[in-house]
Amino acid sequence: MKNRDWASRSLKSVWHPCTQMKRHERIPLFPVSKGKGAWLYDFEGRRYLDAISSWWVNLFGHCNPKINAAISSQLEKLEHVILAGFTHEPVIELSERLSLRSGLDHAFYASDGASSVEIALKMSFHYWKNTGKPGKKNFVSLKNGYHGETLGALSVTDIPIFRDTYSPLISQSILADSPDFRLAEAGETSEQYALRMAEKLKKILESSHETIAALILEPLVQGAAGMAMHHPVYLERARQLCDRYEIHLIADEIAVGFGRTGTFFAHEQGNIKPDFLCLSKGITGGYLPLSVVLVQGKIFDAFYDDRTSRGFLHSHSYTGNALACRAALAVLDIFEEENVIVQNLEKSRIMNEKSNQLSHHPKVKHFRNAGMIWAFEVEDEREDFQERFYLEALERGLLLRPMGNTVYFMPPYVIDEEEMDFLVQNTMEIL
Ligand SMILES: *Cc1c(COP(=O)(O)O)cnc(C)c1O
């Protein structure tokens, strides 16, 4: 069967995510037959460079031999088992290793990023209830922040296109100004701007801390805001303020964890430890749905009691799935065996060199980079910029998905120099 046949069958039966389905009357749906490394293949032999890591999840390429082998061998032993009252080898090993990496004691599992955000919000509120402060039930989040699309996660998300329709259903959090350094005033450094925004955050926490349970933020890069980046000093200040006003700090590293910003966790660059750390996306290298909330010991201890109601009774059916945990263990093995953080530093440097001309292109504004993320705004007045750019890129064998006028690269870490050239050259041609 050809691309077109698969696409039409899909459009008749699948309701695709984040899509106005009628749009596919104009824009073709793109069927993928297989993947290898940084490339995706259609049914007619053409290939496309996956420069967005299949929605920010892929780390080590499609059909990675090491991850494939790990999942296959796990399949011979155990695919899944209930995690209440039972446990298994992959979930224990993964929890131990994530704890060593993060310095956080306990791991609570779910399947998607949004569910891990729900868990962190519920746990934070429940912690304060268990410790005699039931009035702490509000959350502070950052403007333009994104934390997922279930109702609880939407309440701390500030992306109008995802939130506004459902606003009657959600209790909006308190919004603090974003430290996004594109918003700095002329002559102000990113650090000065982050410090100024931290002062604004202080005012909110100072006046309302008695009703605030937690501050949730995406450390260093607000992904869905258009790869908005901020100076790490903001994290340091946020940590200090949360300590001073007895507020939890929830680090949503669903997109930025696992080496994306240059360190294993993004919050390391602020020299801080969050109370809650949400991880998903790259955790399985883009293979299987898995998310986790890592928490400090004091959080866990506040639930440890003879009374059932003081426990955290939340659950999902596929919590701690053995295949997904095994994939995550393979990902951690690759980080260690292939010295990925150090390798990526070099890749990032080379990519910046190759992007020199692109960053000075007359239409390009705010060219920025953090680890293995690059982004810039394109000056183009036309309303259909996003769509035209996307189609032009596909035409050239490139999968890019601008957000508004923001074009970003978030390639799998296996991208090589030739592929980088392909990415940059074609982007230049589209511009
Ligand atoms: C993707 C994302 C989420 C939601 O994760 P899902 O698995 O899509 O539910 C939450 N927070 C951030 C920062 C994300 O990038």
Side-chain angles (χ1 to χ4, degrees), residues 15-19 52-59 108-124 139-159 161-163 166 170 173 175-176 178-180 214-230 234-235 238 249-261 265-267 274 276-294 314 316-321 324 327-328 331 370-373 375 401 403 406 408-410:
W15 195 337
H16 291 269
C18 201
T19 301
I52 59 164
S53 294
S54 287
W55 249 354
W56 318 352
V57 297
N58 193 289
L59 301 186
F108 195 102
Y109 290 90
S111 314
D112 293 290
S115 338
S116 74
V117 169
E118 301 281 340
I119 288 163
L121 299 177
K122 283 176 71 180
M123 261 187 193
S124 172
F139 298 98
V140 178
S141 55
L142 299 188
K143 281 191 187 153
N144 302 322
Y146 179 88
H147 300 287
E149 296 180 50
T150 52
L151 292 175
L154 271 183
S155 75
V156 288
T157 286
D158 183 41
I159 308 281
I161 193 167
F162 301 138
R163 188 202 55 199
Y166 310 102
I170 55 193
S173 63
L175 287 170
S178 167
D180 171 3
L215 163 68
I216 182 167
L217 49 76
E218 298 158 83
L220 299 188
V221 184
Q222 292 181 287
M227 301 299 160
M229 300 184 185
H230 58 256
Y234 189 81
L235 303 175
L249 179 60
I250 303 174
D252 175 350
E253 297 219 14
I254 291 166
V256 294
F258 292 89
R260 219 8 120 171
T261 67
F265 295 122
H267 68 260
F276 297 82
L277 176 59
C278 297
L279 301 172
S280 187
K281 292 203 166 105
I283 190 170
T284 61
Y287 267 67
L288 288 160
L290 180 72
S291 65
V292 62
V293 185
L294 299 167
H314 186 104
H316 296 285
S317 310
Y318 281 101
T319 290
N321 176 264
V331 163
M372 293 297 281
I373 307 174
R401 223 168 167 271
M403 297 184 272
T406 304
Y408 71 91
F409 307 148
M410 202 154 160

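Being a predicted model, the structure only gives us computed values, none of them experimental. Just so you know, ligand 1 is whichever comes first in the structure, and atom 1 is the first atom listed for that ligand.
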Protein heavy-atom partner closest to atom 5 (O) of ligand 1 - residue, atom, separation in Å: G113 CA, 3.2 Å
I'd like to check which ligand 1 atoms, numbered from 1 as shown, lie under 4.0 Å from a non-hydrogen atom of D112. 7 (O), 9 (O)
Contact (N/O only, under 3.5 Å) between A114 and ligand 1: yes
Output the distance between atom CD1 (I283) and atom CG (L290), rounded to the nearest 0.5 Å. 4.5 Å
Against heavy atoms of W56, which atoms of ligand 1 measure under 4.0 Å? 15 (O)
K281, portion touching ligand 1 at heavy-atom distance under 4.0 Å: side chain
Determine whether R260 and S53 make a side-chain contact, defined as any pair of heavy atoms from C-beta on separated by less than 4.5 Å. yes
Does even one non-hydrogen atom of D252 get within less than 4.0 Å of ligand 1? yes
4.5 Å side-chain heavy-atom contact, V140 and L217: no
Which ligand 1 atoms, with their elements, are less than 4.0 angstrom from a heavy-atom of E218? 13 (C)
Under 4.0 Å to a heavy atom of H147 - the qualifying atoms of ligand 1, by number: 10 (C), 11 (N)
Can you tell me if W55 has a non-hydrogen atom under 4.0 Å from ligand 1? no
Show me which atoms of ligand 1 lie under 4.0 Å from any heavy atom of A255. 15 (O)
Show your reasoning for whether side chain to side chain contact (heavy atoms under 4.5 Å, CB included) applies to I254 and W56. CA-CA 9 Å; I254 291 166; W56 318 352; over 6 Å; no
Classify the angle between the aromatic ring planes of F265 and H267 as parallel (below 30°), tilted (30 to 60°) or perpendicular (above 60°). parallel
Tell me, do I119 and C278 make a side-chain contact under 4.5 Å, heavy atoms counted? no
With a 4.5 Å cut-off on side-chain heavy atoms, are F139 and S124 touching? yes
Should Y408 and V221 count as side-chain neighbours, where that means a heavy-atom distance under 4.5 Å? no
Test of understanding: given a 4.0 Å heavy-atom threshold, classify the contact between Y146 and ligand 1 as side chain, backbone, both, or neither. both
Show which atoms of ligand 1 fall inside a sub-4.0 Å distance from at least one heavy-atom site of G148. 4 (C), 10 (C)
